[in-house]
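Here is how names work: the chains are called A, B, and so on, in the same order as the sequence lines, proteins then strands, and each is numbered from 1.
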Number of protein chains: 2
Amino acid sequence: MCFTSKVRIAPSSQPIAPSTGAGELLQLLRDQTPRTRAELAKLTGLARSTVGARVDALLASGLLAPSGEAASTGGRPPVRFAFNPEARVVVGADLGATHGRIALTDLAGRPLCELGEDVAITDGPGTVLDWVTSTTSRMLDMTGRTTHDLIGVGIGVPGPVEHSSGRPKRPPIMPGWDNYDVPAHVGRVFDVPVLVDNDVNIMALGEHAVAHPDVEHLLFVKVATGIGAGIISGGRLHRGAVGAAGDLGHVAAPHAPEVLCSCGNLGCLEAVASGPAIMRALAEIGISASSNADIVDLVRGGNIPAAHAVRQAGRTIGEVLATCVSLLNPSVIVIGGSLAQAGESLIAGVREVVYGRSLPLATSDLQIVAATTGVQAGVIGAATMVIQHALAADRVDLAIAAQSAS
Amino acid sequence: MCFTSKVRIAPSSQPIAPSTGAGELLQLLRDQTPRTRAELAKLTGLARSTVGARVDALLASGLLAPSGEAASTGGRPPVRFAFNPEARVVVGADLGATHGRIALTDLAGRPLCELGEDVAITDGPGTVLDWVTSTTSRMLDMTGRTTHDLIGVGIGVPGPVEHSSGRPKRPPIMPGWDNYDVPAHVGRVFDVPVLVDNDVNIMALGEHAVAHPDVEHLLFVKVATGIGAGIISGGRLHRGAVGAAGDLGHVAAPHAPEVLCSCGNLGCLEAVASGPAIMRALAEIGISASSNADIVDLVRGGNIPAAHAVRQAGRTIGEVLATCVSLLNPSVIVIGGSLAQAGESLIAGVREVVYGRSLPLATSDLQIVAATTGVQAGVIGAATMVIQHALAADRVDLAIAAQSAS
């Protein structure tokens, strides 16, 4: 499904003088309120000539566009300007274990074009990243955009990533990817910033941007073949010292059996409450499920032992989330991932334990809800990550300076 | 101990024109680098006249002071200006269960005057807060300052606080304080912002400011009669949705006995690894300890069962901290509180389990260290909380506007 943009972007080849401070002005205008030059000068305390130069630079870049006229106070009415999210595009890619999804979005994170395909992460970085770049090229063509319109690529992968370098770090299910320079590979085709993060962090960003944009403290929990969390603290993604934050899969689950985990430890949450753990529990009572989708189908079809097993997994996850609630005091916990599609069974188990175990103050306003963005969360989150990076004030300045020099 | 300031503050009664934007200029200058008006205009892109007006307003407020001259390019050499931390003072108060401590500091958080006294939190808010205000008045007198120099009061209390309102919320060991309007009480004596937080959060702020100012992600853990944590995320205190973040005392400790906790739940960390829990364990084997100080003395005196009990408490705390490490990925964990003074026994137990239980990526650069600020952490942290609040750009603008109107 592809939607071509209705608004044409401004020509971006016109040379302009380098300018610092245009980025800061753009931050003000990202609230979507159109303003005149005079209003901007008053708001910022900047000299009228400075505002004029910065507005001109942003107009030339296309990031700002005229947006109607203000009331005249005599003479020609002054023009209002507003942020133009259609000026550029970004790519968000969400790479799972066996499936990849890519969206080309505008600067508001709205998908213009979106595509999902079966892509095995085990095919290695060369094959998979070539799929990302060739799909991106096709999407640019389909929407009538060029590589000059692309300002960045965001990629989520199913394993730990050192965000600062974009390199996966000892990812257990990604053979060939350990320490691979993902930004360099993509950068050989597109000369733009390439940001990489783990899949749960980008899902947290996507769900936050789409469904809970005003929530300051949110915990997104993915429950699927693995279990992980993405933390929004003070409105921003909390990645931790080396980008390893949110790795809930390998914490000890209280009151759970000491099952051996793939990481070598005993009793990890992932070993007792993930999709494969539920499949094992069902197999022991003679019920066959060979995928997370099978579990979801069983629960939706009214299979009581399956609903019971999913609810029990929810309770075990709830034990760990109760600790997270005491530690982080979020106002929203979002449960996502393929097993969240099993309806209320999973979330009911989570709620039961979290509300019973946490201190009343921390749960007084806590909501525990299912994810709403579904398969789109990852691609929108990956695009959001790039937009937040690219539209930071100092980077807008650099981009404008580079544009004027070209 | 009191130190009177050597630098006289500028007279602050001179009326000036209201100005927005001076606060923003001050942020730039808080890096302590002296700059000329021309350098500030170049750095900000502001009009020379705007910079001049803002510098004048900050000079009149005393927050900026002349700081030498730049090299002359012909004619009179231009004056450089720098942030003047001695322009104002703040109060930091750290109220414990039985002891209170107050410091009067400058705007860099350096104590000018400091005092500790036995004050029982159970005497209620009236008595305790009157002690805070009368001690503050005495300290202002002793250092030759007036109430006009005071820009805020920060208070830490031993229980949960709704930070936005400054009201304690169902604090278990603070009878009479539930929902009490602490800022209003103090505000009847000093007409300044009064910020209230729990004692562990202010200790985290103090330890971060003094010992780890450049660390982005830090977890401070207090181990004493209670157990709690303060979280620094991205350099800022993470308080959570209702200010309840960091409440580790009532999370379930994995692998620990199901001891009944004061909160009504079973197996809480505080019920099995706090000072009182260690005292109970020692009593069972005939060793008498009636305070945290007794435990510390026993361990320091070479009592092996006491060292064993403290180390076991460290291991149990380590089980919970391993989950915190997986969730938050801090680069530093600081162990403070009175039991941290038992030397290496406690921290060795914590390290043993955290390094054994957490994923290698999250512990690759993790340091687990003892607190270094000791009893000063709380008062410095409470003062730091006020300084961060008061010197925020918009509040400096408001203060300067109010000053000019008076």
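Here the two rings, on A/H238 and B/H238, have centers that are 6.0 Å apart or farther.
A heavy-atom distance below 4.5 Å is found between the side chains of B/V55 and B/L25. For the pair B/V320 and B/T323, the minimum side-chain heavy-atom distance is 4.5 Å or more. Residues A/H250 and A/S262 are in side-chain contact: their nearest non-hydrogen atoms beyond the backbone lie under 4.5 Å apart. Annotation: side chain of A/L40 is not in contact with side chain of A/R54 (no heavy-atom distance under 4.5 Å). Using a 4.5 Å cut-off on side-chain heavy atoms (C-beta onward), B/L237 and B/I231 make no contact. By the 4.5 Å heavy-atom criterion applied to side chains, A/L321 and A/I368 are not counted as neighbours. For the pair A/P158 and A/M174, the minimum side-chain heavy-atom distance is below 4.5 Å.
With chain B as the partner, the residue from A/A362, A/G267, A/A252 showing the most heavy-atom pairs under 4.5 Å is A/A252. Comparing B/A253, B/G246, B/P254 by heavy-atom pairs within less than 4.5 Å of chain A, the highest count is held by B/G246. Put simply, of B/L218, B/V215, B/L269, B/V251, the one with the most heavy-atom pairs under 4.5 Å next to chain A is B/V251. Highest contact tally toward chain B, considering only A/L248, A/N265, A/L219, is held by A/N265 [criterion: heavy-atom pairs under 4.5 Å].
Within the 4.5 angstrom heavy-atom criterion, only backbone atoms of B/L266 (N, CA, C, O) approach chain A. For A/R236, the part sitting under 4.5 Å from any heavy atom of chain B is the side chain, from C-beta outward, and nothing else. For A/L361, the parts lying near chain B are the backbone and the side chain together; criterion is any non-hydrogen pair under 4.5 Å.
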Review point. After noting the C-alpha distance and the side-chain angles of A/I232 and A/H217, does the key distance pass the side chain to side chain contact (heavy atoms under 4.5 Å, CB included) rule?
Key: CA-CA 5 Å; A/I232 304 289; A/H217 301 290; over 6 Å; no

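Residue-level contacts of residues 324-334 of chain A with chain B, in order of numbering, are A/C324, A/S326, A/L327, A/L328, A/N329, A/P330, A/S331; threshold 4.5 Å between heavy atoms. The stretch residues 161-169 of chain A places A/K169 near chain B, each with some heavy atom under 4.5 Å from a heavy atom of that chain.
Residues A/E319 and A/R357 are not paired through a salt bridge, judged by the lack of any N-O separation under 4.0 Å between the basic side chain and the carboxylate.
In this structure, the separation between CG on B/D197 and CD1 on B/I202 is 7.5 Å, given to the nearest 0.5 Å. With values rounded to the nearest 0.5 angstrom, A/M203 atom CE is found 3.5 Å from A/F220 atom CZ.
Other residues, nucleotides and ligands contribute at most 12 non-hydrogen atoms within 6.0 Å of the CG atom of B/D365.
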